[in-house]
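The structure under discussion appears below in the form of structure tokens.
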Amino acid sequence: MPQIIFLPHEEICPEGAVIEAERGVTICEAALANDIEIEHACEMSCACTTCHVIVREGFDSLEEASDDEEDLLDKAWGLEPESRLSCQARVEDEDLVVEIPKYTINMVSENH
């Protein structure tokens with residue numbers, strides 16, 4: 001079973017985390033199932049950028065982003081070439097190393 005290694009994030013997972021993920025689940029689903037509270041304001045419907053992550057390793061193992069995801073990513077804070085919406089990026093056979101950006105563009109965040 002592939003692993004997702006989350007790099008430390010000051011608020012969400014200060015120590016970082018290593019979790020097992022079944023092939024076919026999204027990065028966001030796997031994170032939430034393991035108490036890593038990635039924001040997902042649109043309830044994982046590919047309608048916002050709050051679940052934006054940067055895939056530091058294993059990016060090429062993911063399916064290509066859809067046009068809708070690419071359009072939304074253009075609006076994400078801290079966009080990088082390896083950026084994905086975690087609600088759309090499905091785990092395949094390779095391990096992933098994922099960074100959760102420090103900021104999201106969410107003006108109505110419940111936790112702030």
Side-chain angles (χ1 to χ4, degrees):
M1 189 176 300
Q3 291 184 327
I4 304 175
I5 299 126
F6 286 93
L7 298 175
H9 181 280
E10 190 176 303
E11 294 175 11
I12 297 172
C13 56
E15 305 295 316
V18 178
I19 64 172
E20 302 265 323
E22 288 190 33
R23 188 176 187 275
V25 302
T26 66
I27 293 170
C28 191
E29 291 168 336
L32 294 171
N34 286 275
D35 299 320
I36 300 169
E37 297 297 322
I38 291 180
E39 281 193 67
H40 53 287
C42 71
E43 298 299 321
M44 298 184 273
S45 66
C46 194
C48 74
T49 63
T50 59
C51 71
H52 167 232
V53 296
I54 302 160
V55 182
R56 295 291 182 201
E57 292 179 26
F59 181 82
D60 291 334
S61 72
L62 302 172
E63 287 184 10
E64 286 190 31
S66 68
D67 289 341
D68 288 342
E69 181 182 355
E70 291 284 354
D71 289 344
L72 284 168
L73 280 169
D74 287 340
K75 301 171 187 170
W77 183 91
L79 183 67
E80 294 192 17
E82 294 81 23
S83 288
R84 291 295 304 266
L85 297 181
S86 66
C87 73
Q88 300 300 300
R90 296 194 177 277
V91 176
E92 293 295 329
D93 295 321
E94 279 187 43
D95 292 349
L96 303 173
V97 176
V98 173
E99 178 181 349
I100 302 168
K102 185 172 182 176
Y103 300 107
T104 66
I105 299 172
N106 186 0
M107 301 303 176
V108 293
S109 179
E110 299 290 327
N111 296 327
H112 300 287

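Excluded from the calculations below are hydrogen atoms, water molecules and symmetry mates; all remaining heavy atoms, backbone and side chain alike, are included.
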**Message:** Taking V25 as the starting point, is it possible to reach F6 by hopping between hydrophobic residues whose side chains are less than 4.5 Å apart?
**Reply:** yes
**Fill in**
For L85 and C48 the tightest heavy-atom approach is CD1-O, 3.7 Å
**Prompt:** Is there a donor-acceptor pair under 3.5 Å between the side chain of T50 and the backbone N or O of T104?
**Reply:** no
**Prompt:** What pair of heavy atoms forms the shortest contact from C51 to S86, and how long is it?
**Reply:** O-OG, 2.9 Å
**Request:** For D93, enumerate each residue passing the side-chain hydrogen bond (donor to acceptor under 3.5 Å, both in side chains) test, keeping only those at least two apart in sequence or located in another chain.
**Result:** R23
**Request:** Heavy atoms only: give me the nearest P8-P14 pair and the separation to one decimal.
**Result:** CB-O, 3.3 Å
**Asked** Is there any ring pair (Phe, Tyr, Trp, His ring centres under 6.0 Å) pair reaching into residues 79-104, and which pairs are they, with sequence neighbours excluded?
**Response** W77-Y103
**Item:** Exercise: identify the closest heavy-atom pair between P2 and D95
**Value:** CA-OD1, 3.5 Å
**Message:** If hydrophobic clusters are built from ILVMFWY residues whose side chains come within less than 4.5 Å, do L72 and L79 share one?
**Reply:** yes
**Asked** Atom CG in L96, atom CD in E82: separation rounded to 0.5 Å?
**Response** 12.5 Å
**Item:** Common cluster, I12/I54, ILVMFWY with side-chain heavy-atom separation under 4.5 Å
**Value:** no
**Item:** Set of residues satisfying side-chain hydrogen bond (donor to acceptor under 3.5 Å, both in side chains) with respect to E29, sequence neighbours excluded
**Value:** T26
**Fill in**
The complete set of ring pair (Phe, Tyr, Trp, His ring centres under 6.0 Å) pairs with one or both residues in residues 15-66, sequence neighbours excluded, reads none
**Prompt:** Which residues, ordered by chain and number, are linked to M44 in its hydrophobic cluster, where ILVMFWY side chains connect at heavy-atom gaps below 4.5 Å, directly or through other members?
**Reply:** L32
**Message:** Around atom CD of E20, are there more than 12 heavy atoms from other residues, nucleotides or ligands closer than 6.0 Å?
**Reply:** yes
**Prompt:** So which heavy atom on A65 is nearest to which on E70, and how close?
**Reply:** CB-OE2, 3.4 Å
**Request:** Using the salt bridge (charged side-chain N to carboxylate O under 4.0 Å, His left out) rule, collect all pairs that involve residues 53-69, keeping only residues at least two apart or in two chains.
**Result:** R56-E80, R56-E99, E69-R84
**Item:** Common cluster, I4/L62, ILVMFWY with side-chain heavy-atom separation under 4.5 Å
**Value:** yes
**Asked** For the residue pair C87 and C46, what are the closest heavy atoms and their distance?
**Response** SG-N, 4.0 Å
